[in-house]
Amino acid sequence: MLLIFLGVIVLIVGLNASRYSDSFGRWRGMLLLLGGGLLLLGVASSTIVQVGVGQVGVQTLFGQVQRRVLPPGLSVVNPLVDITRFDTRTQNYTMSAVKNEGQQAGDDAIRVLSADGLEVVIDLTVLYHVVPEQAPRILETIGEDYQEKIVRAISRTRIRDNAVYYDAVALYSTRREEFQARILAAIEKDFRANGLRLDQLLIRNIQLPQSVKASIESKISAEQDAQKMQFVLQKEKQEAERKRVEAQGIADYQRIVNTELSDKLLQYESIKAQQAIALSPNAKVIIMGKGNGAQLMIGDK
């Protein structure tokens with residue numbers, strides 16, 4: 001538009017150059033040529049527009065949003081329209097308690113009240129994208145700052161609305177996935193109504209009050225101690241069972257020995273042992289018999 005404006009001005013000056021002075025009138029032809037060139041160049045540049053990769057263009061003519069969406073690439077348009085470009089790729093909006101981690105400079109975490117009246121701090125990341133066909137409606141009804149008006153506002157509201165159904169400890173542990181699925185469904189519905197598509201909702205962190213955290217840690221420590229003691233008791237029971245079995249085996253052995261051995265068997269075993277000694281090549285002392293009838297034999301091979 002600037003080139004068109006400059007071209008028109010130069011043409012007007014060129015057409016009236018002779019009225020200013022005779023010397024200035026000699027430049028009339030050059031001024032007309034320059035003005036015409038600027039006008040043609042301005043019209044050409046305003047007629048052909050380029051939309052970048054991952055974007056769509058929305059046309060506005062005299063304050064009226066046009067329904068035709070310009071795709072990525074070159075397009076021929078009315079030179080009088082204004083083009084507003086919308087990014088249709090996946091975008092993220094992070095709300096975090098950590099400074100400079102999210103879109104806001106300071107602490108931007110979501111503080112909610114749970115069903116048991118405790119304040120829970122939630123860090124959240126929302127992944128979403130603009131639906132290309134809905135870009136004109138977004139520009140017309142919301143504006144270019146849809147991230148602040150829709151993404152941030154709806155996400156924070158829906159999380160607060162749904163957190164009241166859960167206790168603080170349940171949000172932190174057992175029902176965390178259920179809570180995430182519930183708020184995802186609620187936010188997705190609201191985004192769709194405003195021309196956005198929710199890709200994913202990430203609960204990055206849930207911070208409980210310090211008193212609740214201390215209570216949970218104490219409970220976990222007690223459970224670990226109980227499990228350790230149960231292991232020790234189980235080990236002692238197994239050791240006691242092992243000793244009982246060992247004692248029972250010894251008792252059974254002694255009983256068998258006491259009931260099964262006889263004098264004749266002992267005498268037979270003694271003769272076998274003496275026979276083995278007699279066959280040994282070493283010096284030997286052999287005692288045969290028992291009591292007064294025992295005989296001592298000494299031999300050396």
Chemist: Of all heavy-atom pairs between Ala168 and Val120, which one has the smallest distance, and what is that distance?
Modeler: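 Smallest interatomic distance, heavy atoms only, reads CB-CG2, 3.9 Å.
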Chemist: Determine whether Ile122 and Leu118 fall in the same hydrophobic cluster, where Ile, Leu, Val, Met, Phe, Trp and Tyr are linked whenever their side-chain heavy atoms lie under 4.5 Å apart.
Modeler: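 Looking at the clustering, Leu118 is in the same group as Ile122.
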Chemist: Are Val151 and Leu139 co-members of a hydrophobic cluster defined by side-chain heavy atoms under 4.5 Å apart?
Modeler: yes
Chemist: Can you tell me how far the CD atom of Gln50 sits from the CD atom of Gln55, to the nearest 0.5 Å?
Modeler: 9.5 Å
Chemist: How long is the gap from CG on Asp145 to CD1 on Ile138, to the nearest 0.5 Å?
Modeler: 11.5 Å
Chemist: Please answer: with hydrophobic residues joined when any side-chain heavy atoms are less than 4.5 Å apart, are Val77 and Val51 in the same cluster?
Modeler: yes
Chemist: Determine, step by step, whether Gln59 and Leu70 satisfy the side chain to side chain contact (heavy atoms under 4.5 Å, CB included) criterion, reporting the C-alpha distance in whole Å, the side-chain angles of both residues, the deciding distance to 0.1 Å, and the verdict.
Modeler: CA-CA 8 Å; Gln59 306 173 76; Leu70 303 179; 3.6 Å; yes
Chemist: Side-chain contact test, heavy atoms from C-beta onward, threshold under 4.5 Å: evaluate it for Ile183 versus Ile203 and give yes or no.
Modeler: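 Touching, per the 4.5 Å side-chain cut-off.
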Chemist: Given the rule in the side chain to side chain contact (heavy atoms under 4.5 Å, CB included) test, do Gln91 and Leu127 qualify, once you have shown the distances and angles that lead to the verdict?
Modeler: CA-CA 6 Å; Gln91 305 177 60; Leu127 300 178; over 6 Å; no
Chemist: Are Val126 and Leu201 side-chain neighbours, meaning at least one heavy-atom pair lies under 4.5 Å?
Modeler: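 Yes. Closest side-chain heavy atoms under 4.5 Å.
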Chemist: Can you check whether Arg176 reaches Thr174 side chain to side chain, under 4.5 Å on heavy atoms?
Modeler: no
Chemist: What are the two closest heavy atoms between Thr94 and Glu101, and how far apart are they?
Modeler: CG2-O, 4.2 Å
Chemist: Quick one: are Met95 and Asp123 in side-chain contact, heavy atoms under 4.5 Å?
Modeler: no
Chemist: Side-chain contact test, heavy atoms from C-beta onward, threshold under 4.5 Å: evaluate it for Thr84 versus Phe86 and give yes or no.
Modeler: yes
Chemist: Are Phe62 and Val81 close enough, and set up right, to give a side chain to side chain contact (heavy atoms under 4.5 Å, CB included), and what steps lead you there?
Modeler: CA-CA 7 Å; Phe62 303 126; Val81 301; over 6 Å; no
Chemist: Look at Glu241 together with Arg244 and state whether they make a salt bridge at an N to O cut-off of under 4.0 Å.
Modeler: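 A salt bridge links Glu241 with Arg244.
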Chemist: Could you state the interatomic distance from NZ (Lys237) to CD (Gln234), rounded to the nearest 0.5 Å?
Modeler: 6.0 Å
Chemist: Rounded to the nearest 0.5 Å, how far apart are CD1 of Ile187 and CD1 of Ile150?
Modeler: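 So the CD1 of Ile187 and the CD1 of Ile150 are separated by 12.5 Å.
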Chemist: Donor-acceptor pair, distance only, cut-off 3.5 Å: does the side chain of Asp167 make one with the backbone of Val169?
Modeler: no
Chemist: Less than 4.5 Å apart, side chain to side chain, heavy atoms only: is that true for Leu124 and Ile159?
Modeler: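 Touching, per the 4.5 Å side-chain cut-off.
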Chemist: Determine the minimum heavy-atom distance between Val164 and Leu113, stating which atoms define it.
Modeler: CG1-O, 3.6 Å
Chemist: Could you tell me whether the side chain of Asn92 reaches within less than 4.5 Å of the side chain of Tyr128, counting heavy atoms only?
Modeler: no
Chemist: For Pro72 and Gly52, work out which heavy atoms get closest and say how close.
Modeler: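 Smallest heavy-atom distance, with atoms named: CB-O, 3.5 Å.
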Chemist: Under a 3.5 Å cutoff, is there a donor and acceptor pairing between the side chains of Gln207 and Tyr172?
Modeler: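 Checked: Gln207/Tyr172 side chains show no N/O donor-acceptor pair below 3.5 Å.
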Chemist: Before giving the answer on salt bridge (Lys or Arg N to Asp or Glu O under 4.0 Å), spell out for Glu239 and Arg242 the whole-Å C-alpha distance, their side-chain angles and the decisive distance to 0.1 Å.
Modeler: CA-CA 5 Å; Glu239 181 65 16; Arg242 186 191 67 79; 2.7 Å; yes
Chemist: For the residue pair Ala163 and Val112, what are the closest heavy atoms and their distance?
Modeler: CB-CG2, 3.7 Å
Chemist: Roughly how far apart are Ile83 CD1 and Arg85 CZ, rounded to 0.5 Å?
Modeler: 6.5 Å
Chemist: Between Ile206 and Leu171, which heavy-atom pair has the shortest distance, and what is it?
Modeler: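 Taking Ile206 first and Leu171 second, the nearest heavy atoms are CD1-O, 3.2 Å.
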Chemist: For Arg152, is there an ion pair with Asp108 - N to carboxylate O distance below 4.0 angstrom?
Modeler: yes
Chemist: As a quick check of understanding, evaluate salt bridge (Lys or Arg N to Asp or Glu O under 4.0 Å) for Glu133 and Arg67, giving each step before the final call.
Modeler: CA-CA 9 Å; Glu133 297 78 12; Arg67 296 304 167 187; over 6 Å; no
Chemist: Test of understanding: clusters of I, L, V, M, F, W, Y form through side-chain heavy atoms closer than 4.5 Å, transitively. Do Phe191 and Leu184 belong to the same one?
Modeler: yes
Chemist: What do the steps show when you test Glu178 against Arg175 for salt bridge (Lys or Arg N to Asp or Glu O under 4.0 Å), and what is the final call?
Modeler: CA-CA 5 Å; Glu178 177 186 332; Arg175 304 182 70 183; 2.8 Å; yes
Chemist: Looking at side-chain heavy atoms only, is the closest gap between Val131 and Leu196 below 4.5 Å?
Modeler: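 SC-SC contact between Val131 and Leu196 ruled out.
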Chemist: Among pairs that include at least one residue of residues 179-202, which meet side chain to side chain donor-acceptor pair (under 3.5 Å), considering only residues two or more places apart or in two chains?
Modeler: Thr90-Asp199, His129-Asp199, Arg158-Asp190, Asn162-Arg182
Chemist: Is it true that atom CD of Gln64 has more than 12 heavy atoms of other residues, nucleotides or ligands lying nearer than 6.0 Å?
Modeler: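 For Gln64, atom CD is not crowded (no more than 12 foreign heavy atoms under 6.0 Å).
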Chemist: Do Leu198 and Ile142 sit in one hydrophobic cluster, given that two such residues count as connected whenever their side-chain heavy atoms are within less than 4.5 Å of each other, even indirectly?
Modeler: yes
